[in-house]
Amino acid sequence: MEPGTGVPERPVNVQRPDWITPVTEPLDPAVAVNDYDSFAEEYAAENENSLLNAYIERPAMLDLAGDVSGRRILDAGCGSGALTARLRERGAIVTGIDASAGMLAVARRRLGDDADLRVADLREPLPFGDDEFDDVIASLVLHYLEDWGPTLAELRRLIKPGGRLIASVNHPFVEWLSEDPRPVYRDTTSYTDLWTFGGKQYPLTFWRRPLHAMTGAFTDAGFRLSVISEPKTAPDAPEPFNGISFMCFVVEVPRSAA
């Protein structure tokens, strides 16, 4: 144990899907990172029923969203549209955006030609007016960004007073506990995993930040913290999971400056 902390001195094994492995050697610079277009179909198929997505993260996000009937929602980083579909089933009016045209093609097959789906990068200004949405859902997307500030400011612009940003990210303890050497917890650091589909590996880089950096980014952007949660596995999951997975947040836009 690290003196006085109760934390193991060495990295520990963290339960991961068997198709995700940490990068231990330098990547070939010619290989594109975070290129979802190159494996959109494969990822969408895995995401559909995987334990972490279908039985932990999506149920948690839907529970946090609550009654969305008639609410105008931006699904920011909608991917293949699994969460978009569930929100529409509950009566929400949903617009989906994603940086990957390949993922949006999968989403359009699921949702139909009339679905409002647009290619847009959360690092850039978004093509919507001020106060256009009641809620924004950001499901497992913020952890791709090194700097949350500009993105949160832009999302804050889109949300009506009294509206919400509901976000999920990889839990910061997962990589902190498992990386070797272990990073300084209080620092914002990047890490890269290899995702394997059909025998081929695809690198994805994420940014891990401590809890205080997350909450500080939300409040600096003008949001008010409402909920911080660490979701449990849904009761109907096909297998148990007691490991660390995600953190979820609900942050609100104040109704007035007071």
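Just so you know, these numbers use all the heavy atoms, side chains as well, and skip hydrogens, waters and symmetry mates. Count residues from 1 along the sequence.
Of all the heavy atoms in Pro203 and Ala32, the pair that sits closest is CG-O, 3.5 Å. Residues Pro183 and Glu175 come closest through the heavy atom pair CD-O, 4.4 Å. Considering every non-hydrogen atom in both Ala76 and Leu122, the closest pair reads CB-CD2, 4.0 Å. Here the closest non-hydrogen pair linking Ala237 and Tyr55 is CA-CD2, 3.5 Å. The shortest non-hydrogen separation linking Val106 to Ser80 is CG1-CB, 3.7 Å. Closest heavy-atom contact between Gly102 and Asp37: N-OD1, 2.8 Å.
With Asp131 contributing its side chain and Leu158 its backbone, the two residues share no donor-acceptor pair below 3.5 Å. The closest donor-acceptor contact from the side chain of Thr95 to the backbone of Asp116 lies at 3.5 Å or more, if one exists at all. Using a distance-only test at 3.5 Å, with no hydrogens or angles considered, no donor-acceptor pair links the side chain of Thr196 to the main chain of Gly199. Without hydrogens or angle criteria, Thr84 side chain to Cys78 main chain gives no donor-acceptor distance under 3.5 Å. Between the Trp148 side chain and the Leu142 main chain, a donor and an acceptor come within less than 3.5 Å of each other. Although no hydrogens or angles enter the test, the distance criterion places a donor-acceptor pair under 3.5 Å between the side chain of Arg88 and the main chain of Leu111. Checking side-chain atoms of Thr233 against main-chain N and O of Phe241 turns up a donor-acceptor pair under 3.5 Å. Judged by distance alone, with hydrogens and angles left aside, the side-chain atoms of Thr219 form a donor-acceptor pair with the main-chain N or O of Thr215 at under 3.5 Å. In terms of modelled atom types and a separation under 3.5 Å, the side chain of Asp187 and the main chain of Thr189 share no donor-acceptor contact. With hydrogens and angles disregarded, no donor-acceptor distance shorter than 3.5 Å links the side chain of Asp134 to the backbone of Arg71.
A distance of 8.5 Å separates CG of Leu87 from CE of Met61, quoted to the nearest 0.5 Å. Atom CE of residue Met247 and atom NE2 of residue His171 lie 4.5 Å apart, to the nearest 0.5 angstrom. Distance check: Ile137 CD1 to Ile166 CD1 gives 4.0 Å after rounding to the nearest 0.5 Å. In this structure, CD in Gln201 is found 13.5 Å from CH2 in Trp195, a value given to the nearest 0.5 Å. Of the inter-residue distances, the one linking Asp63 atom CG with Lys232 atom NZ reads 12.0 Å to the nearest 0.5 angstrom. With values rounded to the nearest 0.5 angstrom, Leu155 atom CG is found 6.0 Å from Leu165 atom CG.
Hydrophobic cluster membership differs between Leu64 and Phe218, with clusters built from Ile, Leu, Val, Met, Phe, Trp and Tyr side chains linked at under 4.5 angstrom. Under the 4.5 Å side-chain contact rule for hydrophobic residues, Val169 and Trp176 share a cluster. Taking hydrophobic clusters as Ile, Leu, Val, Met, Phe, Trp and Tyr residues chained together by side-chain heavy-atom distances below 4.5 Å, Val33 shares a cluster with Val23. Linking ILVMFWY side-chain heavy atoms closer than 4.5 Å, directly or via other members, places Met214 and Ile228 in a single hydrophobic cluster. Linking ILVMFWY side-chain heavy atoms closer than 4.5 Å, directly or via other members, places Ile159 and Val141 in a single hydrophobic cluster.
The closest side-chain heavy-atom distance from Asp98 to Asp121 is not below 4.5 Å. With contacts defined as side-chain heavy-atom distances shorter than 4.5 Å, the pair Leu126/Arg118 does not qualify. In this structure, the side chains of Pro231 and Cys248 come closer than 4.5 Å at one or more pairs of heavy atoms. Residues Thr192 and Leu204 form no side-chain contact, since every pair of their non-hydrogen atoms from C-beta on lies 4.5 Å or further apart. Using a 4.5 Å heavy-atom threshold, the side chains of Ile73 and Val136 count as separate. When side chains are defined from C-beta on, Val253 does not count as touching Lys160, because their heavy atoms never get closer than 4.5 Å. Counting only heavy atoms from C-beta outward, the side chains of Asp35 and Tyr202 never approach each other to under 4.5 Å. The shortest side-chain heavy-atom distance between Ile97 and Leu74 falls under the 4.5 Å cut-off.
Residue Asp113 qualifies as open at atom CG: its count of foreign heavy atoms under 6.0 Å is 12 or below.
Taking the charged nitrogens against the carboxylate oxygens, Glu48 and Arg110 do have a contact shorter than 4.0 Å, which makes a salt bridge. By the 4.0 Å N-to-carboxylate-O rule, Arg109 lies close enough to Glu41 to be salt-bridged with it. Salt bridge annotation for Arg164-Asp135: present, with a cationic side-chain nitrogen under 4.0 angstrom from a carboxylate oxygen. A salt bridge links Asp130 with Arg157: the distance from a Lys NZ or Arg NE/NH1/NH2 to an Asp or Glu carboxylate oxygen falls below 4.0 Å.
Thr188 and Glu146 form no side-chain donor-acceptor contact under 3.5 Å, judged by distance and modelled atom types alone. A side-chain N or O of Ser50 and one of Asn53 form a donor-acceptor pair less than 3.5 Å apart. For the 3.5 Å distance criterion, the side chains of Asn170 and Tyr191 qualify, holding a donor opposite an acceptor. Defined by atom type and a distance below 3.5 Å, a donor-acceptor pair is missing between the side-chain atoms of Thr205 and Ser190.
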Walk me through whether Leu83 and Asp75 qualify under side chain to side chain contact (heavy atoms under 4.5 Å, CB included). CA-CA 8 Å; Leu83 189 55; Asp75 189 352; 4.1 Å; yes
Going through the checks in order, is the side chain to side chain contact (heavy atoms under 4.5 Å, CB included) test met by Glu154 and Glu124? CA-CA 9 Å; Glu154 181 68 353; Glu124 304 294 335; over 6 Å; no
Please determine whether salt bridge (charged side-chain N to carboxylate O under 4.0 Å, His left out) holds for the pair Arg224 and Glu252, giving the CA-CA distance in whole Å, both sets of side-chain angles, and the decisive distance to 0.1 Å. CA-CA 5 Å; Arg224 180 177 57 211; Glu252 301 173 344; 3.1 Å; yes
Residues Leu52, Glu57; criterion side chain to side chain contact (heavy atoms under 4.5 Å, CB included); working and verdict: CA-CA 6 Å; Leu52 293 178; Glu57 194 270 344; over 6 Å; no
In sequence, state the C-alpha distance, the side-chain angles, and the governing distance for Arg90 and Leu62, and then conclude on side chain to side chain contact (heavy atoms under 4.5 Å, CB included). CA-CA 10 Å; Arg90 295 182 173 204; Leu62 290 166; 3.8 Å; yes
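Taking the centre of each ring, His143 and Phe206 come in below the 6.0 Å mark. The six-membered or imidazole ring of Tyr144 lies away from that of Trp207, with a centre-to-centre distance of 6.0 Å or more. Ring centroid separation for the pair Tyr185 and Phe173 comes in under the 6.0 Å cut-off.
Between Phe197 and Tyr43, the ring planes lie perpendicular to each other; the angle is over 60°, past the 30° to 60° tilted range.
For residues 105-129, the pairs satisfying ring pair (Phe, Tyr, Trp, His ring centres under 6.0 Å) are Phe128-Phe133, with sequence neighbours left out.
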